[in-house]
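The figures here come from the full heavy-atom set of this structure, side chains too, leaving out hydrogens, waters and symmetry mates.
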Amino acid sequence: MHNVRNITEDLYWIGANDRRLALFENIHPIPEGVSYNSYMLLDKETVVFDTVDWSVTRQYIENIEYLLNGRELDHLVVHHMEPDHCASIEELAFRYPKMKIISSEKGFMFMRQFGYKSINGHQLIEAKEGDTFKFGKHEIVFLEAPMVHWPEVMMTYDTTDKIFFSADAFGKFGALDADEDWACEARRYYFNIVGKYGAQASALLKKAAGLDIQKI
């Protein structure tokens with residue numbers, strides 16, 4: 001059964017919560033679970049931002065098919081290649097043969113190294129810092145964020161709705177419906193996952209400061 005959340009008129013959260021795990025990356029306690037965050041934009045063209053962990057792919061596909069309602073999936077934007085972001089790329093590539101995949105040069109290198117053969121035959125579009133893509137009324141611009149916290153990371157900013165898709169930069173532990181203090185879990189996440197890349201995170205913040213960000 002589908003489980004989606006409307007964020008703006010055209011944008012939906014299509015990810016999933018995972019409360020089965022006791023530890024994140026088999027190290028960090030997550031008593032309130034974790035969420036895998038992916039988004040769908042329904043514009044003149046349809047766009048999915050990132051995918052989810054393989055453990056929740058069945059739910060993920062149900063969410064996508066519900067929102068598409070018979071439409072094609074036109075684009076997949078891949079910001080980050082950790083498994084909780086990218087494990088369902090191949091499934092989407094199998095199901096939507098006309099889908100164009102947009103990622104960084106290193107992102108595609110990782111896909112090939114991970115053995116994602118189903119991307120072959122798809123149009124692969126390499127994005128760089130400052131590149132823009134228009135899907136109808138929505139236009140996104142790409143920002144490079146190497147080592148926040150993997151080398152291939154890119155982020156996007158929707159200039160129409162002023163939404164920043166920030167990969168892992170501003171994450172937190174806990175499922176989306178967890179009853180816990182946001183700041184505490186965000187702080188613990190930053191210290192344990194991103195904090196050792198503080199210089200790179202600071203460089204990203206300087207870029208983000210020039211954007212009129214209304215949502216992350």
Side-chain angles (χ1 to χ4, degrees), residues 1 3-5 13-39 48-64 76-94 101 103-104 106-119 144-156 164-205 216:
M1 183 176 180
N3 178 25
V4 303
R5 300 186 185 198
W13 178 80
I14 55 172
N17 290 318
D18 187 347
R19 291 183 174 274
R20 303 167 305 118
L21 299 178
L23 298 173
F24 183 74
E25 296 182 344
N26 214 30
I27 301 174
H28 311 292
I30 45 172
E32 296 295 335
V34 70
S35 66
Y36 307 120
N37 300 314
S38 175
Y39 304 89
V48 162
F49 295 92
D50 290 332
T51 71
V52 294
D53 188 82
W54 182 251
S55 63
V56 296
T57 296
R58 182 175 178 178
Q59 173 71 72
Y60 180 59
I61 295 299
E62 289 181 6
N63 293 344
I64 289 174
L76 170 64
V77 175
V78 180
H79 296 111
H80 184 25
M81 282 298 295
E82 276 196 284
D84 55 336
H85 292 250
C86 79
S88 301
I89 289 174
E90 277 215 295
E91 186 68 21
L92 293 190
F94 279 127
I101 305 175
S103 191
S104 65
K106 286 187 175 67
F108 287 120
M109 180 184 73
F110 279 29
M111 289 180 213
R112 296 183 181 99
Q113 289 177 343
F114 289 2
Y116 287 2
K117 296 181 179 179
S118 67
I119 69 171
E144 294 178 351
M147 296 315 299
V148 186
H149 57 118
W150 275 21
E152 84 298 352
V153 176
M154 296 193 77
M155 302 179 183
T156 52
F164 191 40
F165 297 93
S166 60
D168 273 344
F170 304 108
K172 67 176 284 288
F173 294 120
L176 291 189
D177 55 355
D179 184 18
E180 62 189 2
D181 179 70
W182 174 277
C184 180
E185 286 302 286
R187 188 179 301 115
R188 187 166 72 93
Y189 174 89
Y190 182 84
F191 289 162
N192 285 282
I193 306 298
V194 183
K196 55 181 161 293
Y197 306 105
Q200 293 88 345
S202 294
L204 170 65
L205 287 173
I216 298 177

Say whether [X] and [Y], considering side chains only, have a donor N or O and an acceptor N or O under 3.5 Å apart.
X	Y	answer
Tyr60	Ser38	yes
His79	Thr156	yes
Asp50	Tyr39	no

- Measuring from Ile14:CD1 to Asn37:CG, what's the distance to the nearest 0.5 Å?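 One gets 10.5 Å once the value is rounded to the nearest 0.5 Å.
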- Item | Atom pair CZ (Arg58) and CD (Glu62), whose distance is rounded to the nearest 0.5 Å |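 Reported to 0.5 Å precision, the distance equals 6.0 Å.
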Between the main-chain N or O of [Y] and the side-chain N or O of [X], is there a donor-acceptor pair closer than 3.5 Å?
X	Y	result
Glu90	Ser118	yes
Asp84	Asp53	no
Asn17	Ser35	no
Ser104	Gly107	yes

- Message: Against Ile193, only a single residue in Tyr190, Tyr197, Tyr189 fulfils side chain to side chain contact (heavy atoms under 4.5 Å, CB included); can you say which?
- Response: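 Answer to the side chain to side chain contact (heavy atoms under 4.5 Å, CB included) test with Ile193 among Tyr190, Tyr197, Tyr189: Tyr189.
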- Item | Qualifying residue, where the test is side chain to side chain contact (heavy atoms under 4.5 Å, CB included) with Phe170 and the options are Ile216, Val194, Val148 |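 So the option named by the test is Ile216.
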- Would you call Arg19 and Asp177 a salt bridge, using N to O less than 4.0 angstrom?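 Judged by the 4.0 Å cut-off on N to carboxylate O distance, Arg19 and Asp177 do form a salt bridge.
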- Close side-chain approach of Glu82 and Glu25, heavy atoms under 4.5 Å: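 Glu82 reaches Glu25 side chain to side chain.
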- Query: With His80, which of Phe49, Tyr36, Trp150, Phe110 fulfils ring pair (Phe, Tyr, Trp, His ring centres under 6.0 Å)?
  - Reply: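 Checked Phe49, Tyr36, Trp150, Phe110 against His80; only one passes ring pair (Phe, Tyr, Trp, His ring centres under 6.0 Å): Trp150.
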